[in-house]
Structures are given as C-alpha cells and as structure tokens.
Amino acid sequence: MQPTSFTVYILHTSANTYYIGQTNNLEKRLEEHRAHGPKSAKYMRYFPTFTLVYTEKFDTRSEAMKREAFLKKLSRPEKDKLIHNARME
C-alpha cells in the first residue's frame, strides 16, 4: 500500500481570485470543485472555471493544514510571488 501524502493547492478562479485548500486526493478534489456539487467548497460554486496554479506536498495532514492556514494569511502580492517563483523552478 502506498503511503498517503497531502497536497496544499491554490486555484485561480475566473473572477481573478485565489482559493486555497488541502486534500489527500488532488484529482478527486478538483473534480468535486468542477462539479459544483455538495462536496465542492461553497466558495468555488460561484466560479464557472478555475486553473490549478500551485501545489505543495506534505507527509501529514497536520503539516498540510498548517501550511494552508499560513498561505491563506498571505497578501495577494505575496501569493502572486509564491506562484510566480514556483513556476520558475
């Protein structure tokens, strides 16, 4: 059995906003957001399209949740810089 990893992700919405979340199954979570169903984050139901712009992997849910909370506190320019730097790597 493969060990579980957790992913923190940032989505760029069609309204030029960011949504930050964490999951142990990124593909499934993105499909839930696209479906706009009951398992989608309420915030994401307002946006018809989005783009995955950033991901970061962690070994534990606790680490992922701490990183998610930290990223949510960043200013928009700080988030933009994080995403830009990740794309340059």
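Just so it is clear, the structure is predicted and the values come from calculations on it, not from any experiment.
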Going by heavy atoms in the side chains, are Tyr54 and Arg87 under 4.5 Å from each other?
no
**Asked** Any side-chain heavy-atom pair from Ile10 and Leu52 closer than 4.5 angstrom?
**Response**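 Answer no - side chains too far apart.
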Are [X] and [Y] connected in the hydrophobic side-chain network, where two residues link if heavy atoms are under 4.5 Å apart?
X	Y	result
Phe58	Leu82	yes
Leu26	Phe47	yes
Val53	Tyr19	no

Spacing of [atom1] belonging to [X] relative to [atom2] belonging to [Y], to within rounding of 0.5 Å:
X	Y	atom1	atom2	answer
Thr17	Tyr46	OG1	OH	12.5 Å
Gln22	Arg67	CD	CZ	13.5 Å
Arg29	Thr7	CZ	OG1	12.5 Å
Ser75	Lys81	OG	NZ	10.0 Å
Lys57	Ser5	NZ	OG	4.0 Å
Leu11	Thr51	CG	OG1	8.5 Å

Worksheet item: Without hydrogens or angle criteria, can the side chains of His84 and Asp80 be said to hold a donor-acceptor pair below 3.5 Å?
Response: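 Note: His84 and Asp80 side chains miss the donor-acceptor criterion.
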Exercise. Hey, are Tyr9 and His33 close enough side-chain-wise for a donor-acceptor pair under 3.5 Å?
Worked result: yes
Sorted by chain and number, sequence neighbours left out, side chain to side chain contact (heavy atoms under 4.5 Å, CB included) with Asn24 holds for Thr4, Phe6, Arg61
All heavy atoms of His36 vs all of Pro48, minimum pair found to be NE2-O, 4.0 Å
Minimal heavy-atom distance between Lys79 and Ile20, with the atoms involved, is CE-CD1, 3.9 Å
Contacts of Lys72 meeting salt bridge (Lys or Arg N to Asp or Glu O under 4.0 Å) (sequence neighbours excluded), chain-then-number -> Glu68
Taking the hydrophobic residues Ile, Leu, Val, Met, Phe, Trp and Tyr, and joining any pair whose side-chain heavy atoms are under 4.5 Å apart, which ones share a cluster with Met88?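 None; Met88 is a cluster of one.
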message = More than 12 heavy atoms of other residues, nucleotides or ligands under 6.0 Å from OH of Tyr43: yes or no?
response =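 Check passes, neighbour count above 12.
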Exercise for review: Determine, for Tyr18 and Arg76, whether the Lys NZ or Arg CZ falls below 6.0 Å from the six-membered ring centre while staying within 45 degrees of the axis.
Suggested key: yes
* May I ask you to decide whether Lys66 forms a salt bridge with Glu63, counting only side-chain N to carboxylate O separations under 4.0 Å? => no
**Item:** Residue pair Phe50, His12: steps toward the side chain to side chain contact (heavy atoms under 4.5 Å, CB included) verdict
**Value:** CA-CA 5 Å; Phe50 59 83; His12 182 253; over 6 Å; no
